[in-house]
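Take a look at the structure set out below.
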Amino acid sequence: MISLKRVFKTFGDKVALKDINLQVKEGEALGVLGYSGAGKTTLLKIISALDVDFQGTYLFKGIDVKEHPGKVRKSITMVFQNPVMFKGTVFENVAYGLKIRGYPRRYMEERIDEVLESLGILELKDKSAKRLSGGEKQRVAVARALVLDIDVYVFDEPTSNLDVENIKVVERAIKGLIERGKTVIFTTHDLLQARRLSDRILYIEKGEIVEVGKTEEIFKNPGDERTWRFLRAVL
Amino acid sequence: MTWDYIVEGFLEALKLIISGDPDLYDILFRSITVSGLATFYAGLIGIPIGVVLGLSNFKGKEIVKSIFNGLMGIPTVVLGLILYLFLAPAGPLGFLNLIYTTTGISLGQMILVLPIVVSITVNSIESIEKDIRYLALTLGADEIQMMKKIIEEASPGILLSLMTAFNRAIAELGVALMIGGNIFIKGGEMNTRVLTTAIQMYVSRGEISMAIALGIVLLSLVYSISMVVNCVQRRWIEA
């Protein structure tokens with residue numbers, strides 16, 4: 001489904017991503033691990049077709065992302081680490097993606113109620129989104145993605161602003177996506193969360209993929225010294 | 001030094017305002033109309049320019065922005081003089097017959113406030129552009145939908161640009177005096193006297209109470225508009 005070949009990304013003189021080769025299958029849950037500044041968010045932005053200014057090839061379901069980013073964005077959504085809210089209510093924020101896809105109002109209301117309830121924020125529906133706390137905003141951002149019926153969901157630190165209880169709620173929602181056969185790609189600093197949610201782990205350091213492998217194999221027996229050092233430092 | 005003449009002038013001014021002095025209110029309504037029209041047309045031209053500048057990325061963008069930023073502070077007397085040279089009967093645009101008309105003042109004020117509308121609109125767009133662009137795109141918006149969303153999110157800033165423009169237009173003296181000429185004939189149809197030119201004239205004639213009354217009206221108008229716009233902005237953002 002997702003195929004990146006020899007992808008390089010630079011910001012001026014700084015190389016942010018170096019020779020990225022990655023295949024992600026449909027229905028797979030991929031956890032992206034790495035230190036801050038390793039290139040995780042840059043990679044996610046490229047995967048989400050938000051950044052098409054890179055060298056190399058990225059094919060999404062055989063479509064060249066550089067040629068047709070708009071087409072690909074209809075099938076992928078990304079939830080940012082620091083969620084930005086539109087003006088207006090929580091409902092209006094969550095409805096945006098559905099509205100531009102032309103869904104009828106009645107469907108939108110039912111679907112939004114269902115998603116907000118699953119994330120424990122139904123009572124915030126008519127509140128001003130900009131006035132919410134950081135944790136509430138993060139759940140609204142997750143809700144904006146969950147209401148969409150698309151192929152790939154990308155989450156950049158989806159639970160970084162949440163308390164233990166709400167981490168469980170968001171993890172349950174992400175698991176729900178995986179169980180429905182959706183492709184999920186996420187970054188996290190919580191290794192246990194990565195272990196709970198992912199089928200495969202990608203470890204990235206200084207813009208380079210160090211290794212990609214099955215979650216349990218990476219945690220029990222990492223193939224690269226650098227991965228081992230990272231896991232030991234964080235766990 | 002005595003405060004008497006100021007206090008007396010102030011009390012007399014209040015009387016003029018409360019009694020609904022027809023000359024005072026005539027000048028007030030003319031000022032609002034003239035500067036309102038200037039702001040309307042500056043918005044009509046300046047908002048699209050600001051939006052395009054804010055959303056686009058081209059070589060020389062910073063230069064264009066700095067030209068507009070620089071023009072925000074243009075001395076009104078200099079602009080008034082330039083316009084006078086162009087619009088005077090002997091000038092290249094004399095055939096338009098805009099000198100000593102309210103339309104001429106509106107045109108001059110529009111030119112004066114256009115850079116304000118453009119610069120504040122550009123800043124409003126640029127301050128949210130990156131975040132909203134990514135968010136709208138990742139939720140499936142196409143380029144047009146994304147731009148509409150950015151403009152919608154920047155609308156409180158755009159409203160602020162119009163308020164600032166109106167306040168600058170209604171409070172300026174140079175253009176109104178040189179292009180308008182401060183003409184006032186009771187019951188006349190060609191009057192061009194506005195708040196600022198009237199204040200200047202009454203002070204020079206020593207009619208302090210009328211000058212203070214007009215000053216109070218001008219300040220109240222500017223503050224009222226600012227307060228209303230601030231309230232609307234706050235409600236808009238937090239709605």
Side-chain angles (χ1 to χ4, degrees), chain A residues 41 44-45 47-53 68-103 126-132 137 140-141 143-156, chain B residues 43 47 50-52 54-62 120-163 228-239:
Chain A
T41 303
L44 294 195
K45 277 187 180 167
I47 289 173
S48 307
L50 290 174
D51 185 354
V52 288
D53 183 19
H68 305 285
K71 211 169 175 183
V72 173
R73 282 187 214 117
K74 295 276 180 203
S75 304
I76 305 181
T77 192
M78 177 172 170
V79 177
F80 304 98
Q81 186 180 358
N82 297 311
V84 175
M85 295 289 117
F86 292 136
K87 283 195 285 110
T89 62
V90 168
F91 176 85
E92 286 164 338
N93 265 267
V94 181
Y96 182 75
L98 296 174
K99 213 170 150 186
I100 56 177
R101 283 174 173 80
Y103 284 102
D126 298 316
K127 293 248 167 73
S128 163
K130 291 207 184 253
R131 284 185 177 179
L132 302 177
K137 280 181 183 169
V140 172
R144 269 191 310 224
L146 293 184
V147 287
L148 305 174
D149 185 20
I150 50 172
D151 298 323
V152 182
Y153 297 80
V154 176
F155 297 95
D156 190 5
Chain B
I47 293 171
V51 168
V52 171
L55 289 174
S56 58
N57 259 320
F58 59 91
K59 239 181 177 174
K61 178 181 170 176
E62 289 308 311
I120 300 181
T121 302
V122 171
N123 285 338
S124 313
I125 299 269
E126 285 184 338
S127 65
I128 57 153
E129 188 260 346
K130 206 173 173 191
D131 284 343
I132 301 297
R133 179 188 290 264
Y134 277 146
L135 181 55
L137 289 178
T138 201
L139 292 174
D142 57 32
E143 293 289 321
I144 302 286
Q145 289 164 329
M146 177 265 292
M147 284 180 195
K148 270 174 70 180
K149 196 65 187 168
I150 291 174
I151 294 166
E152 194 186 314
E153 294 289 318
S155 49
I158 295 171
L159 180 69
L160 176 74
S161 79
L162 293 176
M163 179 202 77
V228 169
V229 171
N230 283 340
C231 284
V232 171
Q233 262 191 316
R234 211 171 44 239
R235 292 190 71 168
W236 215 338
I237 292 166
E238 294 174 353

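Throughout, protein chains are lettered first and strands after them, A, B, ... in sequence-line order, and every chain is numbered starting at 1.
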What part of [X] lies closer than 4.5 angstrom to a heavy atom of chain B: side chain, backbone, both or neither?
X      : value
A:I76  : backbone
A:R101 : side chain
A:K99  : neither

Residues B:R133 and B:L55: closest non-hydrogen pair is NH2-O, 3.5 Å
Please confirm whether the backbone N or O of A:V90 pairs with a side-chain atom of A:K127, one donor and one acceptor, at under 3.5 Å?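 Flag not set: sc A:K127 to bb A:V90 has no pair under 3.5 Å.
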Hey, which of A:D51, A:I150, A:I100, A:N82 has the most heavy atom pairs under 4.5 Å with chain B?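 The answer is A:I100.
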Taking NZ in B:K61 as the centre, count heavy atoms belonging to other residues, nucleotides or ligands within less than 6.0 Å. Is the count above 12?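 Yes - once you tally the heavy atoms of other residues, nucleotides and ligands closer than 6.0 Å, there are more than 12.
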Validation row: B:L135, B:K149 side chains within 4.5 angstrom (heavy atoms):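 Answer no - side chains too far apart.
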